[in-house]
K.L.:
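Pasting a structure below so you can have a look.
Treat the numbers as computed from the prediction; the structure is a model and nothing was measured.
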Amino acid sequence: MRNAFLIIGVCLSSILFSCKKDKDKEQVSTEAEKTDTADSTLIADRGWPREAENKGTKLVYYQPQVDDWKDFKELTARVAFSLTPKDGKQVLGVASLKAETLVDKDNRSAFIKNLQVTDIRFPALDEKKVPEMEKLFKETLPQSGDPISVDRILADLSHTKSPPKGITAKNDPPAIFYSTNPSILLIVQGEPVLVPVEKSDIQYVVNTNWDLFFDKTTKDYYLLVENIWLTSKNIAGKWTKTDKLPSGLSNLPSGQNFDDVNKMIPPPSSGAAPEVFYSNKPAELIAINGSPKFVKIPGTKLLYIDNTENDIFADENKGQYYVLLSGRWFKSKELTGPWSYASNSLPADFAKIPKDSPRANVLSSVPGTQEANDAVMLSQVPTTAILKKSDAEAKVKVSYDGGTPQFKPIEGTKMQYASNTQEKIIKVGDLYYLCFQAVWFMSTNPNGTLENMRFCAQRNLYDSAKFASIQCNVCNANYNRYNG
């Protein structure tokens, strides 16, 4: 009997030990699964852009442009970034990178290691500050442990190896004026849009690029060019200098867009009147200070005109002039025109303009250059301005001629604009938008009264404001209407 109990005891011990062993295996297996899950989470692509900080320096870097993935082990790429030093201003740049990759096929992620910065370029930065910014960038950029989706890399690589075909665009040249005398270009988009100046007979032309006024009493136009006042009966006619202004111009409100105008009232006595070129549609002005002075560009057959702010070149080989206007190249046999589109047929010498040339700025508009590629990269970096909301709102004062707001439809849209005020106010449904000094404001009332309204812009919420201000580059943000 004793032996029987002993046998039973041994059997029970074996069974219990076996169960415990199986339980331990199950626990180990569960922990392993948790570890695998955690590892998978760690190496997942966390999206773009990404941020990094180091000792107060903030770096925001965007999805890399992949140039090559040699043997799927060595990655060469370029990345656009914004760098904000501690207590400093934001600068934009493009960095060329090289790194080794370890690929996790199951998670389709590439793990970055041994990252090298091969080149850094700051297109708009003073050369003296470049070494300091380069140092800060290298210190702040993560050197490893920053995974990228394999699918992102392959898609980008495919795009690089087989760039998409360009779309057909209308590139007819605008009206291009030419002058060797002091001159300005006055553009009024279509017919003049006149809005009243409060408590005066003066109206302000809002759809123009200069300070332009109209006196309802005398039917005269008045144009302020720098520190010179000009007048004309016909907006498209001849303009003459004047030292006498209508009394209504002395009543321009302060604290608004008229501050610079008020400084020129009464008119200064010195200065000569410039020539005025008028256009009621998009146009450009080539203004040269006297006869053209040509300067040879070393290593090329190109010359540039030195005594002008325009980028104008002459090609000795083809006997053509080239000018860069609003990002597009045009060519002509004569400086006076006619001009035709030339961006896709620039001479190869344009890409050879030295980086230290006084006209090196055009390289960003020369197809195929590093500067042009960098410009495309930097276009994905949003530029924002930080302002104090209460200060911006305090400057806004809206008044309507006659007291009651009047709105007219904007052709081709469901929007309306305020026609009897000098401010730029747009009505969309039952909401009103005002663009004032490059800042957008929003209200439920055309006079600016806003109570208990909430909206979302760049992840910030502003509540119960007279005006809710937003930066112009987020004017298409989604708004939570009212208390939504």
K.L.:
Can you tell me if Glu316 has over 12 outside heavy atoms packed within less than 6.0 Å of its CD?
P.N.:
yes
K.L.:
Under the side chain to side chain contact (heavy atoms under 4.5 Å, CB included) rule, what do Ile426 and Tyr432 come out as? Steps first, then yes or no, please.
P.N.:
CA-CA 6 Å; Ile426 302 294; Tyr432 300 87; over 6 Å; no
K.L.:
Using the salt bridge (Lys or Arg N to Asp or Glu O under 4.0 Å) rule, take Glu139 and Lys55 through it: C-alpha gap first, then chi angles, then the decisive distance, then the call.
P.N.:
CA-CA 10 Å; Glu139 291 174 347; Lys55 298 179 181 179; over 6 Å; no
K.L.:
Ignoring hydrogens and geometry, is there a side-chain-to-backbone donor-acceptor pair from Lys333 to Gly337 under 3.5 Å?
P.N.:
no
K.L.:
What do you reckon, are the aromatic ring centroids of Trp239 and Tyr278 less than 6.0 Å apart?
P.N.:
no
K.L.:
Indicate yes or no: at least one non-hydrogen side-chain atom of Ile305 is less than 4.5 angstrom from one of Ile288.
P.N.:
yes
K.L.:
How about Ile235 and Leu212: do any of their side-chain heavy atoms sit closer than 4.5 Å?
P.N.:
yes
K.L.:
Could you check whether any side-chain heavy atom of Val150 comes within less than 4.5 Å of a side-chain heavy atom of Asp104, counting everything from C-beta outward?
P.N.:
no
K.L.:
Determine whether more than 12 heavy atoms belonging to other residues, nucleotides or ligands lie under 6.0 Å from atom NZ of Lys233.
P.N.:
yes
K.L.:
Measure from the side-chain N and O atoms of Thr369 to the backbone N and O of Pro367, and report whether any donor-acceptor pair falls under 3.5 Å.
P.N.:
no
K.L.:
May I ask you to decide if Lys73's main-chain N or O and Thr101's side chain share a donor-acceptor pair within less than 3.5 Å?
P.N.:
yes
K.L.:
Lys129 and Asp126: salt bridge (Lys or Arg N to Asp or Glu O under 4.0 Å), yes or no, with the steps?
P.N.:
CA-CA 6 Å; Lys129 297 182 179 180; Asp126 188 324; over 6 Å; no
K.L.:
Just by distance, with hydrogens left out, do Ser345 and Trp329 show a side-chain donor and acceptor under 3.5 Å apart?
P.N.:
no
K.L.:
Roughly how far, to the nearest 0.5 Å, is OG1 of Thr140 from CE of Met133?
P.N.:
9.5 Å
K.L.:
Output the distance between atom CZ (Arg328) and atom CZ (Phe330), rounded to the nearest 0.5 Å.
P.N.:
3.5 Å
K.L.:
Decide if the gap between the ring center of Tyr222 and the ring center of Phe214 is smaller than 6.0 angstrom.
P.N.:
no
K.L.:
I'd like to check Gln416 versus Ile410 (side-chain heavy atoms, cut-off strictly below 4.5 Å). Are they in contact?
P.N.:
no
K.L.:
If you round to the nearest 0.5 Å, how far is CD of Glu74 from CG of Asn114?
P.N.:
10.5 Å
K.L.:
Looking only at the aromatic ring of each residue, does the gap between the centers of Phe277 and Phe177 stay below 6.0 angstrom?
P.N.:
yes
K.L.:
Would Trp69 and Thr76 count as a side-chain hydrogen bond (donor to acceptor under 3.5 Å, both in side chains) here? Give the steps.
P.N.:
CA-CA 6 Å; Trp69 199 9; Thr76 304; over 6 Å; no
K.L.:
Test Asp151 against Arg108 for salt bridge (Lys or Arg N to Asp or Glu O under 4.0 Å), laying out the working first.
P.N.:
CA-CA 7 Å; Asp151 296 307; Arg108 299 189 66 79; 2.8 Å; yes
K.L.:
Checking Ser332 against Gln320: is there a side-chain donor and acceptor pair closer than 3.5 Å?
P.N.:
no
K.L.:
Considering only heavy atoms from C-beta outward, does the side chain of Phe137 approach that of Val91 to under 4.5 Å?
P.N.:
no
K.L.:
Could you tell me whether the side chains of Asn181 and Ser183 share a donor-acceptor contact shorter than 3.5 Å?
P.N.:
no
K.L.:
Tell me if a side-chain donor or acceptor on Asp349 pairs with a main-chain N or O of Lys301 at a distance below 3.5 Å.
P.N.:
yes
K.L.:
Going through the checks in order, is the side chain to side chain contact (heavy atoms under 4.5 Å, CB included) test met by Glu371 and Val366?
P.N.:
CA-CA 8 Å; Glu371 289 77 7; Val366 177; over 6 Å; no
K.L.:
Asn289 versus Thr308: any side-chain heavy-atom pair under 4.5 Å?
P.N.:
no
K.L.:
Measuring centre to centre across the rings, with the benzene-like ring taken for any Trp, is Tyr204 within less than 6.0 Å of Phe213?
P.N.:
yes
K.L.:
Answer yes or no: is there a donor N or O on one side and an acceptor on the other, between the side chain of Asn310 and the main chain of Ala287, under 3.5 Å?
P.N.:
yes
K.L.:
Hey, are Asp220 and Thr218 close enough side-chain-wise for a donor-acceptor pair under 3.5 Å?
P.N.:
yes
K.L.:
Please name the pair of heavy atoms, one in Pro173 and one in Trp339, separated by the smallest distance, quoted to 0.1 Å.
P.N.:
CG-O, 3.2 Å
K.L.:
Is it true that the side chains of Ser96 and Arg121 contain a donor and an acceptor less than 3.5 Å apart?
P.N.:
yes
K.L.:
Shortest non-hydrogen contact from Glu191 to Asn207?
P.N.:
O-ND2, 2.8 Å
K.L.:
Looking only at non-hydrogen atoms, find the nearest pair between Pro64 and Ile148 and report the distance.
P.N.:
CG-CD1, 4.3 Å
K.L.:
To the nearest 0.5 Å, what is the distance between CG (Asn373) and CG (Leu363)?
P.N.:
11.5 Å
K.L.:
Minimum heavy-atom separation for Met264 and Trp229, please, with both atom names.
P.N.:
O-NE1, 2.9 Å
K.L.:
Looking only at heavy atoms, what is the nearest atom pair of Glu134 and Phe122, with distance?
P.N.:
CG-CE1, 3.9 Å
K.L.:
From Leu141 CG over to Arg50 CZ, what is the distance, rounded to the nearest 0.5 angstrom?
P.N.:
11.0 Å
K.L.:
Does atom NZ (Lys241) have a neighbourhood of more than 12 heavy atoms from anything else shown, all under 6.0 Å?
P.N.:
yes
K.L.:
Is there a side-chain contact between Leu230 and Thr240 (heavy atoms, below 4.5 Å)?
P.N.:
no
K.L.:
Under the side chain to side chain contact (heavy atoms under 4.5 Å, CB included) criterion, do Leu154 and Arg152 qualify, and how do the steps go?
P.N.:
CA-CA 6 Å; Leu154 292 177; Arg152 287 185 189 269; over 6 Å; no
K.L.:
May I have the step-by-step check of side chain to side chain contact (heavy atoms under 4.5 Å, CB included) for Asp311 and Val323, ending in yes or no?
P.N.:
CA-CA 6 Å; Asp311 293 310; Val323 62; 5.8 Å; no
K.L.:
Rounded to the nearest 0.5 Å, what's the gap from CD1 on Ile297 to CD1 on Ile353? Could you check?
P.N.:
4.5 Å
K.L.:
Looking at Asn209 and Ile187, what are the two nearest heavy atoms and their distance?
P.N.:
OD1-N, 2.9 Å
K.L.:
Should we count CZ of Phe72 as having more than 12 external heavy atoms under 6.0 Å?
P.N.:
no
K.L.:
Could you go step by step and tell me if Lys318 and Asp315 meet the salt bridge (Lys or Arg N to Asp or Glu O under 4.0 Å) rule?
P.N.:
CA-CA 6 Å; Lys318 296 186 177 182; Asp315 180 16; 5.4 Å; no
K.L.:
So, Ser232 side chain and Lys238 main chain: donor-acceptor pair closer than 3.5 Å or not?
P.N.:
yes
K.L.:
Between Val398 and Leu434, is there a side-chain heavy-atom distance shorter than 4.5 Å?
P.N.:
yes
K.L.:
Are the side chain of Asn307 and the backbone of Ser291 linked by a donor-acceptor contact shorter than 3.5 Å?
P.N.:
yes
K.L.:
Does Asn234 use its side chain to pair, donor to acceptor, with the backbone of Ala236 at less than 3.5 Å?
P.N.:
yes
